[in-house]
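Heads up: the structure comes next, in structure tokens.
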2 protein chains.
Amino acid sequence: MKIGEFARKLGVSTDTLRYYEKHGLLTPSSRSQSGYRIYTDTDIKQMSFILRAKNVGFSLSEIKELLQIKIHKDQHSCHEVKEMTLQKRDLVAQRIEELTRFYDSLSLLAKKCCGGEEPAENCSILTTLEDIDGLTH
Amino acid sequence: MKIGEFARKLGVSTDTLRYYEKHGLLTPSSRSQSGYRIYTDTDIKQMSFILRAKNVGFSLSEIKELLQIKIHKDQHSCHEVKEMTLQKRDLVAQRIEELTRFYDSLSLLAKKCCGGEEPAENCSILTTLEDIDGLTH
DNA sequence: CTTGACCTTAGGGTGTACTCCAAGGTTTAT
DNA sequence: ATAAACCTTGGAGTACACCCTAAGGTCAAG
Ligand SMILES: [Zn+2]
Ligand SMILES: [Zn+2]
Ligand SMILES: [Zn+2]
Ligand SMILES: [Zn+2]
């Protein structure tokens, strides 16, 4: 499919796709005789991967590194490729851990509030926010 | 403490701190007679909160919204404040879910690789990466 | 065979989040 | 008292990730 249809399917702009190509994140599978970009289902999968990674806070250069796993093919051993994958996975695990602490902070915060209709001036939620780091330890 | 010491403690630049103040993320507790910014332990807690949020991929404007919980004091009821906190918490939960899918993708990928010393040319990890979305469904 | 919807590249503009001066005032140490 | 090490504001510059426009080529429908 051409760039317009592909962009609509993925919910991004054609400009974004050209930008990603220029920066080595997603090169369309081929070009038509007239030079049009041709995207395939494989490209949809890779683009979905990119968008999910972006959504959880990875920068484009970090995502590019994640995709490098694919590019190292013949220059590297299975061992190296596996190591790299596990290393990236650990990075994700760290983020999950931090986010979980964050989630717990907000949960505790909510728990401390009565949720009533009175003005929140003396609400413990507000006085506790300053201690949010203390809450999680 | 003054801005330099505070910056060193938190591992950021003084420029960043002035930038955050200008954009409403962290206003130092007070100023000295000569106009120097004076930061306290409370400011350390708030800044740690900001940095943790940044680390897990929140933008500064999102973080500002998170901190609004504190600012709404007398204008809002306990009910509203609690709702806001829970809503922010759900946003964090969504991110955790996405990151977890991501983690599973990379785990499955690693599992498919023998990890041996031969060139990775025929490594299933590389042929599977294109199918990474399929892996998680 | 022309209209309109698509596509191409090149290059400029925007918002975010810093980062780096410049010119000057303050504080501490010798 | 004067240097060194802080601090102040204002404004300019940078990197990232787009976003938009211009000028033109391609292609299916009427
Ligand atoms: Zn309350
Ligand atoms: Zn209450
Ligand atoms: Zn392998
Ligand atoms: Zn192998």
Side-chain angles (χ1 to χ4, degrees), chain A residues 1-40 43-44 46-68 88 91 95 98 102, chain B residues 1-40 43-44 46-68 88 91 95 98 102:
Chain A
M1 86 202 73
K2 283 178 285 179
I3 197 167
E5 191 187 344
F6 187 73
R8 270 188 302 279
K9 252 182 196 162
L10 275 297
V12 299
S13 73
T14 56
D15 280 323
T16 298
L17 290 170
R18 293 193 194 96
Y19 180 84
Y20 283 7
E21 181 175 359
K22 200 174 175 181
H23 292 80
L25 279 117
L26 178 63
T27 305
S29 298
S30 61
R31 294 274 184 143
S32 72
Q33 303 97 314
S34 54
Y36 287 13
R37 288 167 180 82
I38 304 298
Y39 293 89
T40 65
D43 296 323
I44 289 184
Q46 178 148 342
M47 190 64 189
S48 304
F49 182 84
I50 292 169
L51 291 176
R52 286 203 290 125
K54 232 176 69 67
N55 236 300
V56 293
F58 284 99
S59 71
L60 295 194
S61 67
E62 281 176 311
I63 295 170
K64 206 177 159 184
E65 263 195 74
L66 284 167
L67 294 170
Q68 293 296 314
K88 295 301 172 193
L91 203 130
R95 290 214 182 170
E98 281 185 272
F102 222 91
Chain B
M1 87 204 70
K2 283 178 285 180
I3 197 168
E5 190 186 344
F6 186 73
R8 270 189 302 278
K9 251 179 197 163
L10 276 297
V12 298
S13 73
T14 56
D15 279 323
T16 298
L17 290 169
R18 292 192 195 97
Y19 180 85
Y20 283 7
E21 181 175 359
K22 198 175 176 181
H23 292 80
L25 280 116
L26 178 63
T27 306
S29 299
S30 59
R31 294 276 184 140
S32 71
Q33 303 97 315
S34 53
Y36 286 14
R37 289 167 179 82
I38 303 298
Y39 293 88
T40 65
D43 295 324
I44 290 183
Q46 177 148 342
M47 190 64 188
S48 304
F49 182 85
I50 292 169
L51 292 176
R52 284 204 291 125
K54 232 176 69 66
N55 237 300
V56 293
F58 285 100
S59 70
L60 294 195
S61 66
E62 283 176 310
I63 296 169
K64 206 177 159 184
E65 264 197 74
L66 284 168
L67 293 169
Q68 293 297 315
K88 296 299 170 194
L91 203 130
R95 291 218 179 172
E98 282 185 89
F102 220 90

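Chain identifiers are assigned alphabetically (A, B, ...) following the order of the sequence lines, protein sequences preceding nucleic acid strands; residue numbering begins at 1 within each chain.
Relative to the side chain of B/Thr16, the nucleotides D/dT9, D/dC19, C/dT19 differ in distance, and C/dT19 lies closest. Of the listed nucleotides (D/dA17, C/dC18, C/dT8), C/dT8 has the atom at the smallest distance from the side chain of A/Arg18. Considering only side-chain atoms of B/Ser59, the nucleotide from D/dT8, C/dA17, D/dA17 that sits closest is C/dA17. Of the candidate nucleotides D/dC18, C/dT19, C/dT26, C/dT26 has the atom lying nearest to any side-chain atom of B/Tyr36. Set against C/dT19, D/dA17, D/dC27, the side chain of A/Ser34 has D/dC27 as its closest nucleotide. Taking only side-chain atoms of B/Tyr19, from C-beta outward, the nucleotide of D/dT8, D/dC19, C/dT19 with the closest atom is C/dT19. Of all nucleotides listed (C/dA17, C/dT9, D/dT8), C/dA17 comes nearest to the side chain of B/Leu60.
Side-chain contact check for A/Val12 versus A/Met47: some heavy-atom pair is nearer than 4.5 Å. Side-chain contact between B/His23 and B/Leu60: absent, with no pair of heavy atoms (C-beta onward) separated by less than 4.5 Å. Counting heavy atoms from C-beta outward, B/Glu5 and B/Arg8 have side chains that approach closer than 4.5 Å. Contact annotation: the side chain of A/Leu67 approaches that of A/Ile50 to within less than 4.5 Å [non-hydrogen atoms, C-beta and beyond]. Proximity of A/Phe58 to A/Leu91: side-chain heavy atoms (C-beta onward) are separated by under 4.5 Å at one or more points. Side-chain atoms of A/Phe102 and B/Leu66, non-hydrogen and from C-beta on, do get closer than 4.5 Å to each other.
Comparing A/Gly4 and B/Lys2 by the nucleotide of DNA chain C whose heavy atom lies nearest to each, the residue mapping closer to the 5' end is A/Gly4. Comparing A/Thr14 and B/His23 by the nucleotide of DNA chain C whose heavy atom lies nearest to each, the residue mapping closer to the 5' end is A/Thr14.
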Output one line per pair: protein atom, nucleotide atom from nucleotides 20-24 of chain D, and distance, for all N/O pairs under 3.5 Å.
residue, atom, partner, partner atom, Å
D/dC20, N4, A/Asp15, OD1, 3.3

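When heavy atoms are screened at a 4.0 angstrom cut-off, A/Lys22 is found touching no nucleic acid atom at all.
For the pair B/Phe6 CZ and D/dC6 C1', the interatomic distance rounds to 17 Å; values are reported in whole Å. Following rounding to the nearest Å, A/Arg8 (CZ) and C/dA5 (P) show an atom-to-atom distance of 12 Å. In this structure, NZ of B/Lys64 is placed 11 Å from P of C/dA17, rounded to the nearest angstrom. Taking atom CG of residue B/Leu17 and atom P of nucleotide C/dA17, one finds them 15 Å apart after rounding to whole Å. Between the CG atom of A/Leu10 and the P atom of D/dC18 there is a distance of 13 Å, given to the nearest Å. Rounded to a whole Å, the CZ atom of A/Arg31 is 12 Å from the P atom of C/dC7. Atoms CD (A/Glu62) and P (D/dC16) sit 12 Å apart, rounded to a whole Å. Rounding to whole angstrom units, CD1 of residue B/Ile38 and C1' of C/dT27 are separated by 12 Å.
Taking only side-chain nitrogens and oxygens, A/Arg37 comes nearer than 4.0 Å to OP1 or OP2 of C/dT8. In terms of phosphate contacts, B/Tyr20 brings a side-chain nitrogen or oxygen within less than 4.0 Å of OP1 or OP2 of C/dC18.
Checked by atom type and distance alone, the side chain of A/Gln46 never pairs as donor or acceptor with a backbone atom of A/Thr27 at under 3.5 Å.
Note: A/Thr16 OG1 to A/Leu10 CG = 10.5 Å, rounded to the nearest 0.5 Å.
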